[in-house]
Amino acid sequence: MQAMLLNAFADPGIFELHKVAKPVPGPGQVLIRNIAAGVNPIDWKTAAGGGPAALQGDFPIILGWECAGIIEAVGEQVRAFKANDQVFGFLNFPNPARCLAEYVIADIAHIAPKPDSVSFLQAGAVSLAGITAWQALAMGGHDLQGQRVLVLGGAGGVGHLAIQIAKLQGAEYVATTASTARHKVLGTLGADACYDYHDKQSMLGVDQFDLVIDGIGGDAGLAHLAWLKPDGLWVTLPSVTAEQVISAARQQGKQAQGIRATPNGNQLRALAKTMAAGKIEVLIERSFTLDELNAAMELSRSGHVQGKIVIEFSY
Ligand SMILES: NC(=O)c1ccc[n+]([C@@H]2O[C@H](COP(=O)([O-])OP(=O)(O)OC[C@H]3O[C@@H](n4cnc5c(N)ncnc54)[C@H](OP(=O)(O)O)[C@@H]3O)[C@@H](O)[C@H]2O)c1
């Protein structure tokens with residue numbers, strides 16, 4: 001099979017297309033022929049030696065934690081799936097998942113059937129960001145009915161899904177920060193208010209929020225801490241700056257937490273159900289072929305992607 005291999009951690013990491021052996025599924029696993037695989041910031045951060053780099057094994061390595069495709073073979077003890085089933089998933093994180101290759105092994109606990117009405121492109125791009133959004137919104141431990149939610153970075157992969165999931169789960173008011181050019185589409189996804197983060201004055205006088213999903217972190221996240229209610233919860237996604245944000249919140253007497261999203265088949269099934277009902281739209285900024293992965297990573301690294309980037313496989 002063809003795979004994009006990384007031979008050394010570097011910033012930017014450079015991937016090369018090579019032929020490697022097709023993996024073999026073990027007990028409780030399936031072999032998926034990839035049709036689409038999402039590219040996420042964690043991929044280029046790991047390629048640069050950050051995040052879960054130390055867990056990826058010996059070089060050369062294959063990265064990528066989400067995909068959609070067709071089951072080609074099942075391992076022992078697999079009853080819930082069979083060959084030719086169409087599936088998608090967020091696999092294994094933070095251990096190696098190796099989705100940026102034509103074939104990938106998945107534990108059955110990390111995949112769900114892909115609804116017929118959902119394209120492979122959408123399914124391949126939704127699971128990591130969608131489950132992250134789902135788990136971040138649940139961190140307060142209470143339901144979102146009547147809550148005011150703020151999503152920092154609402155145009156990003158996680159952000160645009162967090163807006164939609166928050167509204168579906170009953171949030172009364174969902175506001176977000178994004179460039180003005182993104183406001184129209186974020187409004188169609190359910191955002192009640194959009195603020196341009198380039199205009200620091202634009203949120204003056206806005207009521208505070210019960211829950212903030214911070215997809216930006218660092219100084220940009222810190223600049224908005226005042227918008228959290230004193231008894232609210234701030235969930236900061238970028239792990240590199242999480243401690244900085246948590247301690248700044250503590251100094252203001254407010255509660256902030258980091259998160260590490262984890263694969264979850266039940267949440268994936270719930271996402272699949274809402275997507276099948278047409279209630280969640282995955283914005284796709286651009287798709288690339290597997291051999292164009294370095295360009296896809298470069299685009300993700302720019303930090304100005306609307307929705308998701310996807311690798312589309314052709315055979
Ligand atoms: N801890 C976890 O488990 C976990 C899981 C998933 C993701 N993450 C992290 O969460 C972060 C977000 O992930 P993602 O996939 O959503 O990233 P992404 O898709 O790359 O986010 C890009 C978006 O960020 C917006 N943006 C950039 N600077 C901004 C600012 N100052 N204010 C508001 N929006 C801004 C951009 O909008 P414009 O184009 O308008 O500038 C763009 O739409 C990343 O750091 C990622 O590594 C963590």
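The basis for the numbers below is simple: all heavy atoms, side chains too, and nothing from hydrogens, waters or symmetry mates. Predicted model only: the values in this text are computed from it and were never measured. Whatever order the structure lists them in is the order used to number ligands and atoms, beginning at 1.
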message = With respect to Leu237, determine whether any N or O atom, backbone or side chain, lies less than 3.5 Å from an N or O atom of ligand 1.
response = yes
request  = For Gly156, counting its heavy atoms only, list the atoms of ligand 1 lying under 4.0 Å from any of them.
outcome  = 16 (O), 19 (O), 21 (O), 22 (C), 23 (C), 43 (O)
message = Less than 4.5 Å apart, side chain to side chain, heavy atoms only: is that true for Asn294 and Met4?
response = yes
request  = Would you kindly specify which portion of Ala220 sits under 4.0 Å from ligand 1, judged on non-hydrogen atoms: side chain, backbone, both or neither?
outcome  = side chain
request  = Identify, by atom number and element, the atoms of ligand 1 in contact range of Ile259, meaning under 4.0 Å from any of its heavy atoms.
outcome  = 1 (N), 2 (C), 3 (O)
query = Closest approach of Ala261 and Thr132, non-hydrogen atoms and distance?
reply = CB-OG1, 3.2 Å
task = Take every heavy atom of Gln135, measure it against each atom of ligand 1, and state whether any distance is under 4.0 Å.
result = no
query = Under 4.0 Å from any heavy atom of Gly153, which atoms of ligand 1 are there?
reply = 33 (C), 34 (N)
key: Polar side-chain atom of His110 near backbone of Asn92 as donor-acceptor pair, under 3.5 Å   = yes
key: 4.0 Å heavy-atom contact, Asn40 with ligand 1   = no
ask   = Can you check whether Ala261 has an N/O within less than 3.5 Å of an N/O in ligand 1?
value = yes
inquiry  = If I take atom CD from residue Glu312 and atom OG1 from residue Thr289, how far apart are they, to the nearest 0.5 angstrom?
reply    = 9.5 Å
query = Is a side-chain donor or acceptor of Lys114 paired with a backbone partner of Ala68 at a separation under 3.5 angstrom?
reply = no
Geometric N/O contact Val305 with ligand 1, under 3.5 angstrom = yes
request  = Among all protein heavy atoms, pick out the one at the shortest distance from atom 31 (N) of ligand 1; state its residue, atom name and that distance to 0.1 Å.
outcome  = Tyr197 CD1, 3.3 Å
ask   = For ligand 1, which part of Val158 has a heavy atom less than 4.0 Å away: the side chain, the backbone, both, or neither?
value = both
Numbering as shown, the atoms of ligand 1 that approach Gly215 to under 4.0 Å (heavy-atom distance) = 11 (C), 12 (C)
inquiry  = Below a 4.0 angstrom heavy-atom separation, can you tell me which part of Arg260, side chain or backbone, both or neither, approaches ligand 1?
reply    = backbone
message = So is Leu152 touching ligand 1 or not, going by heavy atoms under 4.0 Å?
response = no
ask   = What are the atoms of ligand 1, with element, lying closer than 4.0 Å to any heavy atom of Arg182?
value = 38 (P), 39 (O), 40 (O)
message = Under 4.0 Å, counting heavy atoms only: does Ser239 come that close to any atom of ligand 1?
response = no
request  = Tell me which part of Lys308 gets within contact of ligand 1: side chain, backbone, both or neither, using heavy atoms under 4.0 Å.
outcome  = neither
ask   = Nearest protein heavy-atom contact for atom 26 (N) of ligand 1: which residue, which atom, what distance?
value = Ile216 CD1, 3.7 Å
note = To atom 18 (P) of ligand 1, the nearest of Gly303, Gly157, Ser302 on a heavy-atom basis is Gly157
Least distance between heavy atoms, Leu150 atom then Met203 atom = CD1-CE, 4.1 Å
request  = Report the part of Thr132 in contact with ligand 1, treating N, CA, C, O as backbone and CB onward as side chain, heavy atoms under 4.0 Å; options are side chain, backbone, both, neither.
outcome  = side chain
key: Criterion side-chain contact (heavy atoms from CB on, under 4.5 Å) against Leu237, the qualifying member of Ile216, Ile259, Asp214, Leu152   = Ile259
note = All heavy atoms of Ile284 vs all of Val310, minimum pair found to be CD1-CG2, 3.6 Å
inquiry  = Need the ligand 1 atom indices (1-based, order shown) with element for anything under 4.0 Å from a heavy-atom of Ala155.
reply    = 43 (O)
remark   = If we number the atoms of ligand 1 from 1 as shown, the ones under 4.0 Å from a heavy atom of Ser179 are 38 (P), 40 (O), 41 (O)
request  = State whether the number of non-hydrogen atoms from other residues, nucleotides or ligands found under 6.0 Å of Lys229 atom NZ is greater than 12.
outcome  = yes
message = Can a donor-acceptor pair be found, under 3.5 Å and without considering hydrogens, that links the side chain of Thr177 to the backbone of Gly153?
response = yes
message = Is any side-chain heavy atom of Val212 closer than 4.5 Å to one of Trp227?
response = no
inquiry  = Donor-acceptor check, side chain of Asp192 to backbone of Ala175, threshold 3.5 angstrom: yes or no?
reply    = no
For Leu91, the option from Cys99, Pro96, Ser127 that meets side-chain contact (heavy atoms from CB on, under 4.5 Å) = Cys99
ask   = Heavy-atom distance to atom 20 (O) of ligand 1: which of Pro94, Pro41, Gly217, Gly218 wins?
value = Pro41
message = Over 60° means perpendicular and under 30° means parallel, so tell me whether Phe209 and Tyr173 are parallel, tilted or perpendicular.
response = parallel
query = At what distance is the nearest protein heavy atom to atom 46 (C) of ligand 1, and which residue and atom is it?
reply = Lys45 NZ, 3.7 Å
